[in-house]
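Here is the structure we will look at, set down as structure tokens.
Below, each value reflects all heavy atoms present in this structure, side chains not excepted, and no hydrogens, waters or symmetry copies. Counting convention: from 1, in listed order, for ligands and their atoms alike. Note that the structure is predicted; figures quoted are calculated from it, not measured.
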Amino acid sequence: MKLNFNIQPLNTWAKVTKEPFLIAGPCSAETEEQLVATAHLLAKTGRVSVLRAGIWKPRTRPGEFEGIGSIGLEWLKRAKAETGLPTAVEVATAKHVEEALKGGVDVLWIGARSTANPFTVQEIADALRGVDVPVIVKNPVNPDLSLWIGALERVNNAGITKLAAIHRGFSSHEKTAFRNEPMWDLAISLKTHAPDLPIICDPSHICGNRELIPYIAQKALDLDMQGLIIESHIDPSVAWTDAKQQLTPSALDEIMSRLEIRKPGAGTAEVKDKLAILRNDIDKIDDLVIQKIAERMQIVEKIGNYKKDNGITILQVNRWDEILQKRTAYGAALKLSKEFTEKLLELLHSESIRKQTEIMNKDGISGSEQEHLTHA
Ligand code: PEP
Ligand code: MN
């Protein structure tokens with residue numbers, strides 16, 4: 001199914017300062033100082049095309065910081081005047097749209113919680129009728145492609161042609177290393193349905209922590225997404241929202257400098273090269289294997305704590321025998337040699353034991369004794 005969006009390419013409405021297209025700025029505008037100082041540092045990197053800042057924040061629980069409100073528009077104006085960076089804010093109501101436009105904001109985005117609600121999206125779309133402003137639609141919180149497409153259609157039907165999507169991951173009941181599961185296939189599916197629609201990846205909200213951001217950013221570029229939106233704060237340690245996932249402007253600069261920009265596949269010599277395609281497949285699988293091993297270790301830690309609390313020994317031979325037998329048989333059925341599967345499992349097992357030993361000895365044992373024990 002091809003979708004018929006009437007859209008203008010990204011480079012007709014966004015000046016790409018440096019590849020890849022980058023929107024950056026704090027999760028929230030907190031103070032005039034914080035916003036303006038962050039904007040200056042971001043502008044200095046020469047990598048940022050648009051300055052973002054939330055001024056109306058959708059919060060999960062009441063009582064959390066709900067955004068600085070309209071005064072933030074004045075700060076954004078100053079940041080723009082001093083740095084030359086166009087600005088972007090999240091809008092969630094018709095009133096936000098009105099105020100943001102009056103305040104001279106250049107790009108509007110619709111947040112994940114709003115996209116999940118067609119009434120909200122329609123209200124925003126109606127407020128946008130007759131206005132020529134770029135709008136970016138985040139995916140809904142829940143993994144529902146139609147809801148995402150529906151929101152993009154509502155905005156497009158209101159006459160907005162400077163349109164793009166943001167992939168920020170999806171809420172999942174399964175707890176993994178990510179704050180929001182990337183579920184790449186949904187973003188790929190949107191791209192397949194609407195190849196001309198720019199998709200911008202939001203590694204900050206996918207990861208929920210700084211450490212994973214470079215990997216997700218690189219993966220998004222490798223999947224030929226057209227840009228990134230990344231949260232950056234002058235001092236993330238004191239950020240009022242999303243502190244764990246924000247990066248200082250210089251850390252962001254560093255990450256961006258390491259990203260590899262590979263040219264899109266189809267038709268180029270590189271993609272015709274079978275080896276490149278196969279290696280790409282391997283890379284994807286290796287990433288998954290590493291992610292799954294990390295998830296396994298998180299469960300191992302939970303088990304370790306449980307065993308500690310209940311006075312159960314770390315090693316339970318029966319359980320280990322069972323794992324070994326079942327998995328090697330499964331491996332054999334999948335054409336893996338018994339020796340290989342055994343080696344792999346032993347490696348995993350010894351790391352699990354090491355982790356659990358660490359947990360068991362956490363209190364009341366000296367570092368060197370622990371060192372000795374874990375290597376025993
Ligand atoms: C944000 O961009 O700060 C935000 C609230 O994101 P999301 O709507 O993706 O949760
Ligand atoms: Mn945020």
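Annotation for ligand 1: atoms under 4.0 Å from non-hydrogen atoms of K57 are 1 (C), 3 (O), 5 (C). The ligand atoms of ligand 1 that sit less than 4.0 angstrom from a heavy atom of R168 are 7 (P), 9 (O), 10 (O). With ligand atoms numbered from 1 in the order given, ligand 1 contributes 3 (O) to contacts under 4.0 Å with heavy atoms of C27. Interface of G111 with ligand 1, defined as ligand atoms under 4.0 Å from a residue heavy atom, comprises 8 (O). The distance from ligand 1 to the heavy atoms of R113 drops below 4.0 Å at these ligand atoms: 7 (P), 8 (O), 10 (O). Close contacts of ligand 1 with E231, meaning ligand atoms under 4.0 Å from a residue heavy atom, involve 1 (C), 3 (O). Shown in contact with E90 at under 4.0 Å from a heavy atom are these atoms of ligand 1, numbered in order with element: 5 (C).
Taking 4.0 Å as the cut-off between side-chain N and carboxylate O, E358 and K362 do not count as a salt-bridged pair.
Annotation: atom 8 (O) of ligand 1 to nearest protein heavy atom, A112 N, 2.9 Å. Nearest to atom 6 (O) of ligand 1 among the protein's heavy atoms is K138 NZ, 2.9 Å. Remark: minimum distance from atom 4 (C) of ligand 1 to any protein heavy atom is reached at H205 NE2, 3.5 Å.
Between W13 and F21, the ring-plane angle classifies as perpendicular under the 30° and 60° cut-offs. Between W320 and H349, the ring-plane angle classifies as parallel under the 30° and 60° cut-offs.
Of the angles at the Mn ion (ligand 2), the one spanning OD2 of D242 and OE2 of E231 is 130° when given to 10°. Vertex the Mn ion (ligand 2), arms ending at SG of C27 and NE2 of H205: the angle is 170° after rounding to 10 degrees.
Of the listed residues (R47, K18, K44), just one forms a salt bridge (Lys or Arg N to Asp or Glu O under 4.0 Å) with D253, and that residue is R47. Considering K57, E30, Q34, H233 in turn, E30 is the only one that fulfils the side-chain contact (heavy atoms from CB on, under 4.5 Å) rule with W240.
Of the N or O atoms in R52, one or more lie within a sub-3.5 Å distance of an N or O in ligand 1. Close N/O approach between D202 and ligand 1 is not found [any backbone or side-chain N/O within under 3.5 Å]. Not one N or O of D242 is nearer than 3.5 Å to an N or O of ligand 1, by distance alone.
For H205 and E231, the side-chain atoms include at least one donor-acceptor pair closer than 3.5 Å.
S204 places no side-chain N or O within 3.5 Å of a backbone atom of I230 that could act as its donor or acceptor partner. Proximity of a side-chain donor or acceptor of T115 to a complementary backbone N or O of K138 within less than 3.5 Å is detected.
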Checking L252 against T45 for the side chain to side chain contact (heavy atoms under 4.5 Å, CB included) test, could you report, in this order, the C-alpha distance in whole Å, the side-chain angles of both residues, the deciding distance, and whether it holds? CA-CA 9 Å; L252 175 61; T45 66; over 6 Å; no
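Hydrophobic clustering places I160 together with L197 (ILVMFWY residues linked when any side-chain heavy atoms are closer than 4.5 Å, directly or through intermediates).
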